[in-house]
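Some notes on the structure that comes next.
Throughout, a chain's letter reflects where its sequence line sits, starting with A, and its residues are numbered from 1. The basis for the numbers below is simple: all heavy atoms, side chains too, and nothing from hydrogens, waters or symmetry mates.
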2 protein chains.
Amino acid sequence: MDDKKTNSKTRNAIMEAAGKIFAEEGFSKATVRDICRQAGANIAAVNYHFGDKKGLYLAVLKYYQEISFETYPPNLGIRETQTPEEKLRVFIRSFLMRIMDEGRPAWFGKLLAHEFSEPTWAFDILVEDMIRPSYQLLMEIVAAILGRGVKERKVLLYSMSIVGQCLYFRHSHPVISRLFPREAFGAKQISELADHITRFSLQGMREEKNKNNPEVKKCKKK
Amino acid sequence: MDDKKTNSKTRNAIMEAAGKIFAEEGFSKATVRDICRQAGANIAAVNYHFGDKKGLYLAVLKYYQEISFETYPPNLGIRETQTPEEKLRVFIRSFLMRIMDEGRPAWFGKLLAHEFSEPTWAFDILVEDMIRPSYQLLMEIVAAILGRGVKERKVLLYSMSIVGQCLYFRHSHPVISRLFPREAFGAKQISELADHITRFSLQGMREEKNKNNPEVKKCKKK
DNA sequence: AGTTGTTTAAAACAAGCGTTTTAAAATATT
DNA sequence: AATATTTTAAAACGCTTGTTTTAAACAACT
C-alpha cells in the first residue's frame with residue numbers, strides 16, 4: 001500500500017507538482033488538494049501512491065535531493081592540488097549555486113530552507129545526509145587555512161560566519177528587495193557574491209591564520 | 001468594535017499569552033484557541049477585544065516592538081566620539097542581544113524571525129519601522145569604516161555580510177545543536193560571538209578600507 | 001434601584017484540512 | 001475472451017481552524 005513502485009503518469013505528475021508546491025509553501029502550508037489539482041489528479045491519488053502526505057513529502061525530498069546533488073556535487077571542482085584558499089572559493093561558489101539557482105534543481109534548496117525555519121520530522125534525516133558532510137568539508141578547508149593547532153571552536157565559528165553570509169544573501173530577498181528595490185541579488189549575481197564572500201572571509205581569517213603560521217613578517221609590496 | 005481601549009484583565013492576559021505563542025509558533029500556526037486557553041479566557045474574547053486574529057497579531061507586534069526598543073535601543077551606547085570601529089562593535093553586540101536574548105523582551109525578535117521566514121501582511125510595516133533604521137545605522141558605520149568614495153553597493157555587501165553572520169548564529173540552533181551537541185551558542189555566548197563577528201568583519205573590510213584611505217604603508221610591528 | 005453599556009461565557013457555524021470509503025474504469029495476466 | 005489486478009474517480013468522514021451568535025453576568029451612571 002506504500003509504494004506502487006511502478007511509474008504511472010499521475011504519480012509522476014504528482015511528484016512534479018508536489019516538488020514545486022512544497023518548495024514554495026513548505027510542508028505544513030502545502031495542501032494535497034493544491035498538489036493534486038496542479039497535477040491534474042484526483043485527491044485520493046496521493047494517499048494511494050504514497051500512503052499519506054508525509055510519504056509524498058519524503059519521496060519528494062529524496063528525489064530532488066538526488067537531482068540537486070547530481071547537478072551540484074558538494075565538492076564540485078575541488079582538486080586536492082589546490083590551495084585551501086582556492087578550495088574555499090570553489091566551495092562558496094558551489095554552495096551559492098546550489099541554494100540560489102532557480103528552476104527545478106533549486107526546489108531542493110527551497111525545501112531545505114523551509115525545513116530550516118520550521119523543522120519537520122524529516123529534518124534529522126536532512127542534517128545527517130546533506131548538511132553534515134557539507135559542514136565537514138567546509139571545516140576541513142577552514143582548518144587548513146587557519147593552520148594546525150587552531151581550536152576546533154574557532155574553526156566552527158569561522159565556518160559559521162561563512163555559511164551565515166551565504167545563506168543570508170539567499171534568505172534576505174524579502175527584506176532587501178523592500179529596502180533597496182534597485183539592488184539585485186539573484187542567480188546572475190552569484191559570481192559577484194562568491195567573490196565578495198570569499199575575499200571578505202579570507203581576510204577575516206588572516207589574523208588567526210598568521211597567529212598559527214608564524215612566518216617571516218614582511219611588508220606587503222603593492 | 002475594534003479596540004476596547006480600556007485595559008481589562010482578560011485583554012492583558014491575552015496579550016501576554018499571544019506574545020508567547022505567536023513568538024513560538026508564528027502567525028499561521030498559532031491558534032486563537034491555544035492563546036485563549038493559556039490566557040484563561042474564552043474563545044470569543046480575542047474577537048471581541050481585537051476584532052480578529054489579525055488585529056490581535058498587530059497589537060502584539062506593536063506592543064512588544066516598543067518593549068524591545070526600550071530594552072535595546074538601536075544605537076545603545078553608541079557615542080559620536082567613538083571611532084567607527086568601536087561603533088561597529090557596539091552595534092553588533094546590541095544587535096545580538098536583541099535577537100538572542102530569552103524571555104519576554106525577546107518575543108519580538110522571535111516574531112520578527114517568523115516574519116522573516118514566512119512574511120505576512122505585517123511584514124512591510126516591520127521593514128519600514130524596524131529594519132530600515134537599523135540597516136541605515138549599520139551602513140553609515142560601515143561606510144565610515146570603508147572611507148569616502150566607496151561604492152554604495154560595496155557598503156551594502158559588507159553590511160549584509162555582517163547582518164548575515166549575526167542572524168545565522170541565532171537561526172542555526174536546530175542545525176548546530178544536531179551537528180555539534182557539545183557546542184553552545186546561546187545568550188551566554190553573546191560576548192564571545194560579538195567579539196568574533198566584530199574582529200572577523202573588521203579584518204574582512206581592511207582591504208577595501210586601505211584602498212579608500214591611501215595612507216603610509218608600513219610594516220605592522222608585532 | 002433601574003437602565004444602559006460593557007465584558008464574559010458556551011455553543012454553534014462555515015470553511016478548509018488530510019484521509020477513507022466506495023465503486024467504476026483501465027490495464028495486465030492467464 | 002475472461003479473470004484478476006492496478007489505477008482513477010467522486011463523495012463523504014472526522015477533525016481543526018477562525019469567526020459568529022446567543023445569552024447571561026458585570027459595571028457604570030442618572
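Using a 4.0 Å cut-off between charged nitrogen and carboxylate oxygen, A:Glu102 and A:Lys110 count as a salt-bridge pair. Between B:Glu16 and B:Arg104 there is a salt bridge, since at least one side-chain N of the basic residue sits less than 4.0 Å from a carboxylate O of the acidic one. A salt bridge links B:Lys87 with B:Glu80: at least one charged nitrogen is closer than 4.0 Å to a carboxylate oxygen. Ion pairing of B:Arg93 with B:Asp195 is absent here, as no side-chain N (NZ or NE/NH1/NH2) approaches a carboxylate O to less than 4.0 Å.
Rounded to an integer number of Å, the gap from CZ of B:Arg11 to P of C:dT7 is 10 Å. Atom CG of B:Asn47 is separated from atom P of D:dT20 by 6 Å (rounded to the nearest Å). If you take NZ of A:Lys53 and P of D:dC15, they are 18 Å apart, rounded to a whole angstrom. The distance between atom NZ of B:Lys9 and atom C1' of D:dA27, rounded to the nearest whole Å, is 14 Å. Rounded to whole Å, atom P of C:dG18 lies 15 Å from atom CZ of A:Phe50. For the pair A:Tyr57 OH and C:dG18 C1', the computed distance is 17 Å after rounding to whole Å.
Distances were taken from every side-chain heavy atom of B:Tyr48 (C-beta onward) to each of C:dT19, D:dT19, C:dT7; the shortest belongs to C:dT7.
A parallel orientation is assigned to the rings of A:Phe91 and A:Phe95, their planes being inclined by less than 30° (bins at 30° and 60°).
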Look for any protein N or O under 3.5 Å of an N or O in nucleotides 10-15 of chain C and output each such pair with its distance, or none.
unit_1, atom_1, unit_2, atom_2, d
C:dA10, N7, B:Asn42, OD1, 3.3
C:dA10, N7, B:Asn42, ND2, 3.4

Could you list all N or O pairs between the protein and nucleotides 23-25 of chain C that sit under 3.5 Å apart?
none

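The shortest non-hydrogen separation linking B:Asp52 to B:Asn47 is CA-ND2, 4.1 Å.
In this structure the side chain of B:His171 never reaches within 4.5 angstrom of the side chain of A:Tyr168, judged on heavy atoms.
With sequence neighbours excluded, no residue satisfies salt bridge (Lys or Arg N to Asp or Glu O under 4.0 Å) with B:Arg33. Evaluation of the salt bridge (Lys or Arg N to Asp or Glu O under 4.0 Å) rule for B:Glu183 yields A:Arg153 as partners, not counting sequence neighbours.
How far CD1 of B:Ile145 is from CE of B:Met205: 4.0 Å, rounded to the nearest 0.5 Å.
Applying the ring-ring contact (aromatic ring centres under 6.0 Å, His included) test to every pair with at least one member in residues 112-138 of chain A, sequence neighbours left out, gives these pairs: A:Phe27-A:Trp121, A:Tyr57-A:Trp121.
Residue A:His49 places at least one side-chain N or O under 4.0 Å from the OP1 or OP2 atom of D:dT8.
Less than 4.0 Å separates DNA chain C from no heavy atom of any residue of residues 21-32 of chain B.
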